[in-house]
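I have placed the structure first, in the form of structure tokens, so that the comments after it can refer back to it.
Chain letters run A, B, ... following the sequence lines, proteins first and then strands; every chain starts at 1.
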There are 2 protein chains.
Amino acid sequence: MDGEGGQERADERAGEASRPTLKTIAFMTGLGVTTVSRALKDAPDIGEETKKRVRLVARQVGYRPNRAGVRLRTGKTNVISLVLDTEEQVGGFVSDLIYGISEQLAATPYHLIVTPYSRNNDPMEPVRYVVETGSADGIIISRTEPQDARVRYMTERGFPFATHGRTDMGIDHPFHDFDNRAYAVQAVRKLAELGRRRLALLAPPRRLTYHNHMRDGFLEALAEAGLTEAPFTGATVDHSIDDIRGRMTELMSRPNRPDGIVSGSGQATFALVAAVEDVGLTVGKDVDIVSKQSSRLLHLLRPTLYVVNESVRFAGSELARSVLGAIEGKNPKSLQSLSLPTEVEAR
Amino acid sequence: MDGEGGQERADERAGEASRPTLKTIAFMTGLGVTTVSRALKDAPDIGEETKKRVRLVARQVGYRPNRAGVRLRTGKTNVISLVLDTEEQVGGFVSDLIYGISEQLAATPYHLIVTPYSRNNDPMEPVRYVVETGSADGIIISRTEPQDARVRYMTERGFPFATHGRTDMGIDHPFHDFDNRAYAVQAVRKLAELGRRRLALLAPPRRLTYHNHMRDGFLEALAEAGLTEAPFTGATVDHSIDDIRGRMTELMSRPNRPDGIVSGSGQATFALVAAVEDVGLTVGKDVDIVSKQSSRLLHLLRPTLYVVNESVRFAGSELARSVLGAIEGKNPKSLQSLSLPTEVEAR
DNA sequence: ATTGAAAACTGCAACGTTTCAGTTTATCCC
DNA sequence: GGGATAAACTGAAACGTTGCAGTTTTCAAT
């Protein structure tokens, strides 16, 4: 029984009140550092009584494991990396996503780090960085493509991740997605019901998987209702407000202009509405618009719009869940979820 | 001269291709680990020739310092923590802030971690957490108050930080702020110029410093132009869209309703406009509204509004700059910046 | 030749944690 | 009483880095 054995250090002697470590607790309890470590992990080879004592002291002194220590020793970072496109047009989108993720992570030891990239650069780069440097335990990506190099890369390396959006490459991986197909179907049906015959779709860029989903739903419902499409070329939800407004103005100036629009983004719908009115037409009279939105602003200024709400916050929450599951090694199939659109809201 | 001295490890022998460390480079160059470390730091006691060799090899093998190692040894985390209120109403705000910060951090070794808290909880808590656990080298906070406990806390401890918004407690600290006083003055002048006589202000919550700035500017310009105030009670830019709309409806139903509004938030303005129209009035005719906005959507649906743009992305960029300066120990006074409002935009 | 100092390089230890391979003590069985 | 076994605990080593306190080597000044 020593413990007084002459090797206490400066911080133990002085009232320095520096952060307590395992050594601090070991000293206070008279146990070895190993024992304390194992006790806090509830290891089976430590006595019940001892565990209680250690836990008590740990709580008392406000012990929190040093992240760097853990990380260096085990490689576990307790970090989730959210890889983001910084050119994202969809305002507020990222805020909500982050809030949703944070909500889930709050009860865990995980921190959220935001790893941005510019759309002009290689989207692979930030992913490669995180995987190679092991700077996170899991990654969340968005802007998923049908053949997504990032998904292939992370899958090959067994690196845990979750995608916002699905892929189409025969790989089962964790994802959360909004059912854009169902949305488009609902939107078209609503327009059909309103007596609209010729519809245009403002879709996501062709590269992204949900372009296909939305477009498939759109075309299918169009066929089902016997309507025709007014092709909306040269504009996607990714384009700038001004671009969309310009293209839409063109579209609405044509003799065979659409009388119904399905919009894939709330932000873009602002531009669509402005364009409709630029050419002297009226939303709800000359043309009806159904729009997806994540903030709830559209209806305030254009009650004649039809909207469907997508909760990006919920998406964030689900994505965090998924990636945590992936880290735990759960079956990817159990980490996939799809959220259905709300009913079309009118006012 | 050894180096072949029997102590190479498994990863050196096998073609394991695990991440290169200082040891890897030391082995390859035949130098000691310390020398390599110092060489990469461009220390004066290392030969030029050696430095060149080391740098070359380091680049070749793609050496990147292990963050956990550095952090454990030096306490330096290379992390900036953005402390956020997750109930933030101002949509898109956070996205832009993050993009702005990321932009600055991209060229540095810093990572951005988002530390959220709920407005219902103690705003001190996340700050205390970061400072106590040393989980970042610097903190960015928003929602600054005139007497801000967080600012006091971090200042006392000498912890580097920057605030989005100013304080009023005789402490010189790094900040970036939008000149809300100037904004309010401009807004009131514009309304006066339009012949409006009785103005209301939708201000930030009283607790926050910029409430005072905006309100001071508002009152001063009001006096200067000889206008009167229609008190807008029970609503701030922090309230929900529905609350603001409700209060505004009340306000506009009064006999002595305002004929001009200054709005402190673009988001809130949506609700204001909706309310004006709820009671059968018209923006630009019965009442004029000047609004601040960070996204540029307002004008699209209500060209009769007057808007002033605030670049939150720029704010993020400035804040990152400031906090990095604080970490470097620069004089706080040199880390303060104010951005002026743009001209009032009409359409 | 001797001293001194500068230049270039290096071991060792430590940051806090966990894993591994023990050691000690108590308990049980015959 | 001897041996085996289980229970409870432990020191040493390692993860990658850097600061400290050296050690060599070279060279100039005396």
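The environment of CZ in B/R128 is crowded: more than 12 heavy-atom neighbours from other residues, nucleotides or ligands sit within 6.0 Å.
Put simply, CD1 on B/I46 is 13 Å from P on D/dT18, counting in whole angstrom units. In this entry the distance linking CG of A/D45 with P of C/dA21 reads 14 Å, nearest Å. At whole-Å resolution of the value, CD in A/E48 and P in D/dC9 are 10 Å apart. Atom P of nucleotide D/dG11 and atom CG of A/L31 are separated by 10 Å, given to the nearest angstrom. The interatomic distance linking B/L22 (CG) with D/dG19 (P) rounds to 12 Å, in whole Å.
Rounding to the nearest 0.5 Å places CD1 of A/I113 at 11.5 Å from OG of B/S81.
For B/S135, the side chain to side chain donor-acceptor pair (under 3.5 Å) partners two or more places apart in sequence, or in a different chain, are B/T133.
A heavy atom lying under 4.0 Å from DNA chain D marks the following residues of residues 35-42 of chain B, by number: B/S37, B/K41. Contacts between residues 125-137 of chain A and DNA chain C, counted as heavy-atom distances below 4.0 Å, involve no residue at all. Across residues 49-76 of chain B, B/T50, B/L72, B/R73 each have a non-hydrogen atom less than 4.0 Å from an atom of DNA chain C (numbered order).
Across all strands shown, D/dC20 has no partner, as no Watson-Crick or G-U wobble contact with both distances under 3.5 Å is found. Checking C/dG11 for Watson-Crick or G-U wobble geometry (two distances, each under 3.5 Å) identifies no partner in any strand.
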Using atom types as modelled, flag every donor-acceptor pair under 3.5 Å from a side chain in residues 26-39 of chain A to any protein atom, sequence neighbours excluded.
{"from": "A/T29", "atom 1": "OG1", "to": "A/I25", "atom 2": "O", "distance (Å)": "2.7"}
{"from": "A/T29", "atom 1": "OG1", "to": "A/A26", "atom 2": "O", "distance (Å)": "3.3"}
{"from": "A/T29", "atom 1": "OG1", "to": "A/L31", "atom 2": "N", "distance (Å)": "3.3"}
{"from": "A/R38", "atom 1": "NH1", "to": "A/D45", "atom 2": "OD1", "distance (Å)": "3.0"}
{"from": "A/R38", "atom 1": "NH1", "to": "A/D45", "atom 2": "OD2", "distance (Å)": "2.9"}

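B/T50 places no side-chain N or O within donor-acceptor distance of the main-chain N or O of B/I46, the cut-off being under 3.5 Å.
Pairs passing the ring-ring contact (aromatic ring centres under 6.0 Å, His included) check and including a residue from residues 121-143 of chain B, sequence neighbours excluded, read A/H111-B/Y129.
Residue contacts shown for A/T34 include a base, since a base heavy atom lies under 4.0 Å away.
Residues B/H173 and B/T167 have side chains that bring a donor and an acceptor to within less than 3.5 angstrom of each other. Counting only N and O atoms by type, the side chains of B/T209 and B/E145 include no donor and acceptor under 3.5 Å apart. There is no side-chain donor-acceptor pair under 3.5 Å between B/Q336 and B/R166.
Glycosidic conformation of C/dG22 is anti; the angle lies outside 90° of 0.
The only member of A/V323, A/L324, A/I101 that meets side chain to side chain contact (heavy atoms under 4.5 Å, CB included) when paired with A/Y110 is A/L324.
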